[in-house]
Colleague: 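I'd like to ask you about the structure that follows.
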Amino acid sequence: MSAESYLATMEDILRRIRETQADNIKKSAQLMAESIAQKRVVHVFGSGHSVIPVLDIFPRYGSFVGFHPLLDPRLMWFNVLGPGGVRELLWLERTEGYIKVFLGGYHLDPRDTLLVFSHGGLNAAPLEMSMEAKSRGLSVVAVTSVQNQRIATATHSSGKKLAEVADVVIDNCVPAEDALVTINGWAEKVAAGSTVAVTSIAMALVAEVARSLAARRIHPPTFVSPNVKEIGPEHNLAVFEAHSRMMQDVLEYKATP
């Protein structure tokens with residue numbers, strides 16, 4: 001059955017991530033924990049479908065203050081065709097120069113860490129985000145398909161691919177084509193795997209960063225589900241307040257006291 005094929009393939013991908021990427025996940029989490037310990041932030045970026053783990057990493061039940069999603073509605077889709085559609089998004093994320101304009105509203109500090117998601121690792125948006133972060137002294141962690149990095153030709157004018165810019169590369173262990181399941185009579189494979197892989201990596205990073213912070217006796221305000229009856233609604237209000245205070249040091253256009 002095709003559903004069983006997909007689930008079995010995803011189980012194998014997650015097993016390979018666990019067996020081959022544990023050290024890179026730990027190294028990445030240490031960089032992120034160091035940024036948060038210094039009262040700085042972990043910037044998180046992705047475009048297109050790679051925005052999904054960015055949306056999921058914070059605010060998310062079980063995550064905590066210290067992660068800053070770099071979200072741009074122009075780099076995600078709200079429609080299939082027309083305004084906010086996929087064709088416009090695909091054009092913009094491949095257009096060189098946009099990211100520097102987008103980052104004009106933010107202060108990236110050398111103590112920060114950038115976590116960037118890109119399955120292909122070739123488009124201008126994730127690549128230039130990483131290059132700009134490196135130029136400002138940040139550590140960069142990339143979650144990408146290493147197979148695609150090996151077989152693809154660079155498309156950016158710099159001649160670089162994402163894996164060549166990052167300090168640490170976490171392989172999502174998904175094949176370059178992303179789709180995983182063969183259907184009899186169809187030329188194309190179906191059912192993408194990278195979203196499950198990268199959201200799993202994102203949550204593994206959240207867990208490992210928390211462990212590293214706990215070892216330093218640091219406990220950032222943590223977003224909790226309202227289904228946890230022991231914690232009242234005021235708890236998450238405090239989380240948003242703490243995030244707001246953090247953002248005062250991130251926004252380039254913050255008011256001068």
Side-chain angles (χ1 to χ4, degrees), residues 41-57 67-109 112-172 174-179 188 192 194-195 197-199 201-202 250-253:
V41 303
V42 178
H43 305 282
V44 190
F45 179 79
S47 64
H49 75 272
S50 291
V51 79
I52 294 173
V54 180
L55 290 166
D56 208 46
I57 207 164
F67 295 99
H68 170 222
L70 283 163
L71 296 171
D72 185 341
R74 287 157 293 218
L75 291 173
M76 55 185 98
W77 64 79
F78 300 91
N79 204 349
V80 177
L81 300 173
V86 177
R87 289 188 298 185
E88 291 87 340
L89 157 70
L90 292 174
W91 178 83
L92 185 58
E93 71 175 349
R94 295 168 183 168
T95 299
E96 297 187 19
Y98 176 68
I99 288 299
K100 194 160 189 175
V101 176
F102 166 69
L103 283 177
Y106 297 106
H107 171 59
L108 272 59
D109 187 280
D112 298 344
T113 300
L114 172 69
L115 170 62
V116 58
F117 294 91
S118 174
H119 178 72
L122 304 176
N123 286 339
L127 179 60
E128 291 185 0
M129 180 65 71
S130 301
M131 293 169 68
E132 187 66 21
K134 289 290 292 181
S135 74
R136 302 190 193 190
L138 280 70
S139 297
V140 175
V141 175
V143 180
T144 189
S145 168
V146 169
Q147 183 189 94
N148 193 61
Q149 299 286 281
R150 288 174 179 158
I151 65 175
T153 301
T155 57
H156 193 266
S157 62
S158 67
K160 294 184 180 297
K161 306 174 190 177
L162 180 60
E164 298 168 345
V165 176
D167 296 287
V168 185
V169 176
I170 301 174
D171 185 4
N172 67 20
V174 176
E177 63 204 280
D178 204 345
E188 312 88 353
S194 65
T195 303
V198 298
T199 51
I201 290 169
V250 174
L251 297 176
E252 188 69 38
Y253 48 85

Colleague: To the nearest 0.5 Å, what is the distance between OG1 on Thr144 and CG on Leu122?
Modeller: 7.5 Å
Colleague: State, to 0.1 Å, how close Leu89 and Gly48 come at their nearest heavy-atom pair, and which atoms those are.
Modeller: CD2-CA, 3.6 Å
Colleague: Under the side-chain contact (heavy atoms from CB on, under 4.5 Å) rule, what do Glu93 and Tyr98 come out as? Steps first, then yes or no, please.
Modeller: CA-CA 8 Å; Glu93 71 175 349; Tyr98 176 68; over 6 Å; no
Colleague: Please tell me whether Thr199 and Asp56 have a donor and an acceptor in their side chains that are separated by less than 3.5 angstrom.
Modeller: no
Colleague: If I take atom CE from residue Met129 and atom OG from residue Ser47, how far apart are they, to the nearest 0.5 angstrom?
Modeller: 9.0 Å
Colleague: Please test Leu114 against Ser139 for side-chain contact (heavy atoms from CB on, under 4.5 Å), starting from the C-alpha separation and ending with a verdict.
Modeller: CA-CA 6 Å; Leu114 172 69; Ser139 297; over 6 Å; no
Colleague: Please check if the side chain of Asn79 supplies one atom and the backbone of Leu81 the other of a donor-acceptor pair under 3.5 Å.
Modeller: yes
Colleague: For residues Ile99 and Pro126, determine if any side-chain heavy atom of one lies less than 4.5 Å from a side-chain heavy atom of the other.
Modeller: no
Colleague: What's the verdict on side-chain contact (heavy atoms from CB on, under 4.5 Å) for Leu103 and Arg136, showing C-alpha distance, side-chain angles and the deciding distance?
Modeller: CA-CA 12 Å; Leu103 283 177; Arg136 302 190 193 190; 3.9 Å; yes
Colleague: What are the two closest non-hydrogen atoms of Ala154 and Lys160, and how far apart are they?
Modeller: CB-O, 3.7 Å
Colleague: Using a cut-off of 6.0 Å, state whether more than 12 heavy atoms not belonging to Lys134 lie near its atom NZ.
Modeller: yes
Colleague: Going by heavy atoms in the side chains, are Met76 and Leu71 under 4.5 Å from each other?
Modeller: yes
Colleague: Measure the CG-OG1 distance between Asp167 and Thr113 for me, rounded to the nearest 0.5 Å.
Modeller: 9.0 Å
Colleague: Does Val116 reach the side chain of Val143, with side-chain heavy atoms less than 4.5 Å apart?
Modeller: no
Colleague: Can you tell me how far the NZ atom of Lys161 sits from the NE2 atom of His156, to the nearest 0.5 Å?
Modeller: 14.5 Å
Colleague: Side chains of Asp112 and Val42, heavy atoms from C-beta outward: is any pair under 4.5 Å?
Modeller: no
Colleague: What's the verdict on side-chain contact (heavy atoms from CB on, under 4.5 Å) for His43 and Val250, showing C-alpha distance, side-chain angles and the deciding distance?
Modeller: CA-CA 10 Å; His43 305 282; Val250 174; 3.9 Å; yes
Colleague: Taking all non-hydrogen atoms of both residues into account, name the closest pair between Ser194 and His49 and its distance.
Modeller: OG-NE2, 3.3 Å
Colleague: Hey, does Val54 have a side-chain heavy atom less than 4.5 Å from the side chain of Phe117?
Modeller: yes
Colleague: Are the aromatic rings of Tyr106 and His68 close, with centres under 6.0 Å apart?
Modeller: yes
Colleague: Could you state the interatomic distance from CG (Asn172) to CG (Asp178), rounded to the nearest 0.5 Å?
Modeller: 7.5 Å
Colleague: Specify the closest pair of heavy atoms between Gly159 and Glu164, including all atoms of both residues, with the distance to one decimal.
Modeller: O-OE1, 4.0 Å
Colleague: Side chains of Glu128 and Lys100: does their closest heavy-atom pair fall under 4.5 Å?
Modeller: no
Colleague: For residues Ile201 and Asp171, report the shortest heavy-atom separation together with the two atoms involved.
Modeller: CD1-O, 4.1 Å
Colleague: Just checking, any donor-acceptor pair under 3.5 angstrom between side chains of Asn148 and His119?
Modeller: no
Colleague: Do you know the tightest heavy-atom contact between Ser50 and Ser118?
Modeller: OG-CA, 3.7 Å
Colleague: Find the distance between CZ (Phe102) and CG (Leu75) and round it off to the nearest 0.5 Å.
Modeller: 7.0 Å
